[in-house]
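The structure appears below as structure tokens.
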Amino acid sequence: MSERSRRAFLATGTALATVGLAGCSGGGGGGGGSAGESGDEPITIGVLEDRSGNFALVGDPKHKATLLAIEEINEAGGINGRQIEVFDPDPQSDNQRYKELTERAIQQEDVDVLWAGYSSATRETIRPTIDREDQLYFYTTQYEGGVCDHNVFAVGPTARQQLGAVLPYLVDEYGTDIYTIAADYNFGQLSADWVKVLASENGANVLDEEFIPLSETDFGSVINRIQEADPDFVMSMLVGANHTAFYEQKASAGLEVPIGTSTAMAQGYEHRRLDAPAMSNIFAGVNYMEEIPTTRNTDDGGFVDRYFEMWPDAPYLNEEAQTNYFSVYMYKQAVEQAGTTDQEEVKAALESGITYGAPEAPEGEEIALDGATHHVDHHMWVMRCDDQHNVEAVENRVIPEQFLSGTVGCDLTQEDEETQYTPQDYYEEAG
Amino acid sequence: MVNVVNLLFQFLDSFAFIVLAAIGLAIIFGMMGVINLAHGEFIMVGAYGTTLAYNAGAPLLLSIPVGVLATTVMGLVLERSVVRRLYDRPLDSMVATFALGLALTQLTRIVFGNSLSSIGIPLGSVQYGQFSYSMYRVLLSSVALAVLAAAYVVFTRTEFGIRARATIQDADTASAMGVETDRMYTVTFGIGSALAGLTGALYAPTMSIVPGMGSSFLVEAFVAVVTGGASVLLGTTLAGGGLGLVNALFSNVYGTFIGQIALLFVAVLILRFLPNGLSGAVEGVRERMERENT
Amino acid sequence: MTSPYERLFGRFEGPNTIGNTRVFWAGLTVALALAAAYPLVVSAYTAGNTALFMLYGLLAMSLSLVWGYAGVLSFGQVVFFGFAGYTFGIVSINLGSTLGVTMAIPVAVLVATVVAFLLGYFMFYGDVSGVFVAIITLVVTLVMQTFMAQTAGDEWTIGEVPLGGFNGMPGIPNLAVGTEGAAVSFSGASFYWLVLTILVVSYLGLRLLVNGRFGYAMVAVREDEDRVEMLGYDIRRVKLVVFTLGGGLAGLSGVLYASWGNYIDPSVYSLAFATLPVVWVTVGGRESLLGGVLATVAIEWFRQQLAITGSAWATVVVGTLLLIVVLALPEGIVPFVHRKTVGFVEGRRMVGEDTPAADREGTAE
């Protein structure tokens with residue numbers, strides 16, 4: 001009953017139908033046949049985003065922004081006249097739960113498209129299922145990059161795009177000696193590799209790098225080592241609530257070196273949560289955060305206004321939330337272009353080169369989904385935090401996805417791959 | 001190249017963290033045989049109490065007691081309502097406290113959201129040459145020592161301590177001799193809760209205030225309790241000193257990753273060669289002394 | 001004197017197990033027939049999903065054995081579960097063939113068994129007992145989690161398989177038995193039947209064990225260590241044997257788990273997961289082999305349903321219900337129900353022969 005009543009709550013005023021009922025009648029191609037396909041049968045979207053557990057802080061805005069996009073589309077008449085309904089359980093930041101719920105979303109709820117997961121670990125947990133079922137899947141977190149998969153549209157910015165925005169800026173401003181600190185797991189290690197690649201491209205050098213366990217909360221020795229190395233700036237790819245302690249502790253220890261990051265502020269809004277000046281002089285390379293000054297974002301009735309109108313108690317509108325939001329609209333375009341929700345045809349439509357006027361892009365500009373790589377050429381921003389924790393844009397430009405398209409030659413329009421390339425492949429290609 | 005001052009500060013930092021992470025858990029476990037799997041959530045409640053008081057305008061020195069008080073009250077309520085029913089079933093009390101922990105974390109999220117804005121770390125830094133260290137983190141080691149000393153006095157030098165330990169050793173006999181054993185358990189659980197709350201309160205300024213924050217203390221807390229052995233205060237002190245030194249030394253020379261691995265490795269070695277813990281080695285001597293004292 | 005019934009079931013029966021009547025065996029047979037037919041009437045998804053809960057049930061059964069029967073509370077069942085899962089992944093991916101997958105199964109279970117033996121040896125021959133065993137096994141679990149989460153670098157590659165750190169190990173193959181050309185691979189309904197078979201065989205095997213001579217020694221160790229020692233038993237050896245056996249069973253469960261999701265990651269060593277077997281067995285009744293399994297399936301189904309609602313209150317509800325069960329039904333649900341219903345009848349019949357298991361006080365240590 002609680003399932004139904006929750007969905008009923010969601011449906012209030014938003015014309016969302018309930019999945020619980022439709023699921024039984026076979027929303028997929030099975031019984032309905034072509035009549036259901038083009039008729040008024042609703043489209044089912046699976047949204048697996050964390051609303052409890054360790055990732056709730058960053059996952060909850062993704063869930064909320066997805067519902068915002070769906071509500072807007074439904075109010076405007078749906079997709080090809082069909083309403084959207086959602087299957088949105090709470091995976092509780094538990095990868096095992098993700099695995100179970102992904103199986104259920106595909107096999108039981110017959111979702112037409114799936115958004116799921118915050119961390120790379122989650123993506124890799126469910127990717128075998130996604131590929132086995134050839135499920136159309138949007139992965140929306142900023143991530144290490146390199147996923148070249150027929151079924152996966154990794155539409156968040158990659159490490160190369162994020163670091164590629166902020167690192168050259170800091171080299172110009174502060175000098176060439178870099179010290180890297182990164183979370184000790186795949187994302188952190190690969191990001192650190194990208195820092196090295198970008199450093200050499202920009203004539204800078206990495207003095208040293210340290211990988212810090214995700215469970216670490218004591219940064220005394222890390223701070224001392226940074227002081228000993230005395231870099232011009234630090235690149236920080238620390239992740240999660242434990243690592244947030246680094247920023248408070250470095251401020252308390254009086255470490256004032258500028259810090260570039262692809263992980264702080266835009267996702268976990270540390271500049272709102274931590275006491276100033278912990279985040280002072282920190283530069284985030286991001287495609288979006290609540291403060292970016294585009295007319296689509298911060299003008300009256302813009303993205304920020306609409307989000308907080310629907311979710312007045314939400315604390316922040318983060319980077320990944322925007323990615324969820326615009327990718328729902330990209331999906332809408334693709335379905336309209338394909339004239340069907342048949343997943344292979346929608347994938348082909350997405351690969352034909354969709355563009356959309358996302359909030360991250362300035363007025364008159366659209367961001368483009370690259371059909372060959374399933375990644376997005378993002379409009380990237382360098383956002384600086386001052387000692388009062390105000391955030392301002394210091395630079396912005398379009399940075400295309402380069403690694404898959406330029407270096408390893410991933411072309412999903414020609415060849416169906418299901419792999420993830422790493423910077424190792426960059427070195428091998430570069431020789 | 002090891003900078004001695006860096007190493008000293010890192011040791012004090014590490015020592016304080018291990019001792020404070022473990023002390024509440026150790027007292028409840030050592031004195032009552034109850035393994036409190038909600039220990040992390042008790043710490044979290046201390047941090048939330050402190051942060052909420054601070055955000056409401058109270059100064060930090062006043063906010064810390066608020067966090068301690070909140071945790072103590074919660075501990076006492078839970079002792080009266082849940083834990084006391086399970087004194088003859090210590091293993092079931094693990095399941096019960098685990099259940100409490102689950103519910104507490106999520107209730108906190110429902111009531112206060114995914115995070116609170118945090119308190120900045122007070123007191124600035126100590127500067128020396130090209131290095132500096134957070135003054136507050138260093139001072140926490142003095143607090144840790146003070147807590148250990150106070151607990152030692154309470155449990156060995158006061159009427160309450162004597163009665164409490166008599167209860168722990170033989171509740172029936174103690175009861176026959178007029179000790180209110182029920183009250184002893186309640187007060188001991190209260191003290192353990194208060195100390196867990198104090199840990200949360202003290203570390204609140206240095207951490208991200210989220211409902212799951214308590215879990216970052218658990219590894220150190222349980223490792224310290226196990227390697228410390230049956231004698232609580234001595235064990236916690238020795239574990240904090242020994243493991244803190246190992247952690248600081250290896251973190252200093254090889255980085256935090258090796259520091260953590262070294263700490264875990266040494267803990268496993270202690271479990272292997274001293275199954276009764278660090279304090280077990282000197283337990284005989286200490287017990288004789290205690291018998292003379294009581 | 002020996003009827004055909006007694007010849008068939010006699011060795012499976014005794015005071016150490018619940019359910020020693022013809023009615024019980026008949027009921028079990030019917031229940032098994034229904035369980036076996038289940039995949040025929042539900043979707044492949046539902047069968048696969050239920051198989052997951054059932055393989056957790058095997059993990060619960062391993063804890064029932066060491067905790068319920070020998071009185072050793074281990075938080076380390078997930079350690080053996082995880083070791084076996086990772087080993088299965090490493091061996092099967094490295095060997096890469098169907099024969100390789102087949103060989104990976106015994107290797108993985110063996111590794112889990114050896115790890116359990118070593119840990120048990122250090123504890124029991126180091127005279128660690130009671131609640132300290134619980135806390136040491138818990139620490140070993142947390143140590144494994146911290147360690148495995150840090151194995152992201154290239155240096156942590158075994159053969160061709162990276163351990164993967166926090167991201168875990170993907171690409172673990174489905175369970176298969178045989179060689180190239182003559183192999184059976186298990187997925188969907190066939191995987192369900194495999195798990196069901198393993199569960200039933202394990203259950204019957206453990207019934208044999210606990211109602212045999214060794215079973216009496218185990219239960220005696222649980223009830224009164226000193227007295228058993230005076231009777232000339234080596235308590236340490238009894239505990240070690242049970243603990244090792246429990247580790248092997250947990251390992252088998254871990255192999256099934258890794259192949260179910262084609263994936264394993266360090267969260268199998270987390271405090272939350274390590275506590276689950278204790279929860280299942282506590283709720284089901286630790287002195288009932290079947291109770292733990294039934295409770296596992298019921299609890300995991302319920303938790304999943306709560307997650308599907310997406311309600312913020314899901315874990316609050318789970319925590320509260322668990323607390324109520326622990327406080328109100330100390331012996332667990334299955335022994336309680338048994339005592340209130342069947343046990344009454346059975347107890348009357350058996351008066352003068354033996355003391356029914358459920359009449360004993362449930363002791364924690």
Side-chain angles (χ1 to χ4, degrees), chain B residues 25 29 33-35 37-38 40-41 78 81-83 85-86 88-110 212 215 218-227 229-230 256-258 260-261 263-265 267-268 271-277 280, chain C residues 67 71 73 75 118-119 122-147 149-150 153 270-272 274-276 278-279 281-283 286 312-328 330 332 362-365:
Chain B
L25 182 74
F29 172 60
V34 171
I35 300 173
L37 285 184
E41 282 69 33
L78 291 178
S81 58
V82 175
V83 181
R85 293 164 197 267
L86 302 168
D88 54 341
R89 297 188 279 144
L91 300 178
D92 284 356
S93 69
M94 294 180 80
V95 179
T97 50
F98 172 77
L100 281 173
L102 267 189
L104 271 175
T105 306
Q106 186 58 19
L107 275 176
T108 306
R109 192 181 300 283
I110 291 170
S215 64
L218 287 187
V219 172
E220 278 82 356
F222 279 102
V223 165
V225 168
V226 168
T227 55
T256 46
F257 166 65
I258 301 290
Q260 276 204 1
I261 295 286
L263 185 146
L264 299 178
F265 185 69
V268 170
L271 287 184
R272 167 66 190 92
F273 293 107
L274 301 173
N276 290 317
Chain C
W67 185 21
L73 173 52
F75 269 78
L118 290 176
L119 181 59
F122 289 149
M123 289 193 305
F124 302 128
Y125 282 76
D127 287 329
V128 175
S129 62
V131 81
F132 253 91
V133 170
I135 201 167
I136 286 181
T137 48
L138 180 62
V139 165
V140 171
T141 308
L142 295 176
V143 165
M144 281 309 298
Q145 187 195 15
T146 312
F147 177 76
Q150 293 168 168
S270 65
L271 177 62
T275 315
L276 277 179
V278 182
V279 168
V281 170
T282 303
V283 172
R286 73 180 73 91
W313 292 91
T315 45
V316 180
V317 171
V318 170
T320 311
L321 284 181
L322 183 55
L323 197 57
I324 291 170
V325 170
V326 172
L327 290 177
T363 44
E365 280 183 88

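Just so we're on the same page: letters track the sequence lines, and every chain starts at 1. Keep in mind that what you see is a predicted model, and the values were worked out from it rather than measured.
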Most heavy-atom pairs under 4.5 Å with chain B, out of L142(C), V316(C), I136(C), T320(C), belong to V316(C)

Is it true that the side chains of S270(C) and Q145(C) contain a donor and an acceptor less than 3.5 Å apart? no

Highest number of heavy-atom pairs under 4.5 Å with chain B among V143(C), V278(C), V325(C) belongs to V143(C)

Okay, F222(B) and chain C: the region with an atom under 4.5 Å from a heavy atom over there is both

Bottom line for L107(B): the part with an atom under 4.5 Å from chain C's heavy atoms is both

Under 4.5 Å to a heavy atom of chain C? For F265(B) that would be neither

d(E41(B) CD, T97(B) OG1) to nearest 0.5 Å is 9.5 Å

Next on the checklist: ring pair (Phe, Tyr, Trp, His ring centres under 6.0 Å) for F132(C) and F29(B)? Distances and angles first, verdict last.
Outcome noted: CA-CA 10 Å; F132(C) 253 91; F29(B) 172 60; 5.4 Å; yes

Cut-off 4.5 Å, heavy atoms of chain B, and the answer for L138(C) is side chain

L327(C) and V82(B) have their tightest heavy-atom pair at CD2-O, 4.0 Å

Counting heavy-atom pairs under 4.5 angstrom with chain C, the leader among L218(B), V219(B), I110(B), L102(B) is I110(B)

Given the options T275(C), V326(C), L73(C), M94(B) meets side chain to side chain contact (heavy atoms under 4.5 Å, CB included) only with L73(C)

Report task. Using atom types as modelled and distance alone, determine if a side-chain donor or acceptor of R85(B) lies under 3.5 Å from a backbone N or O of S81(B). Result -> yes

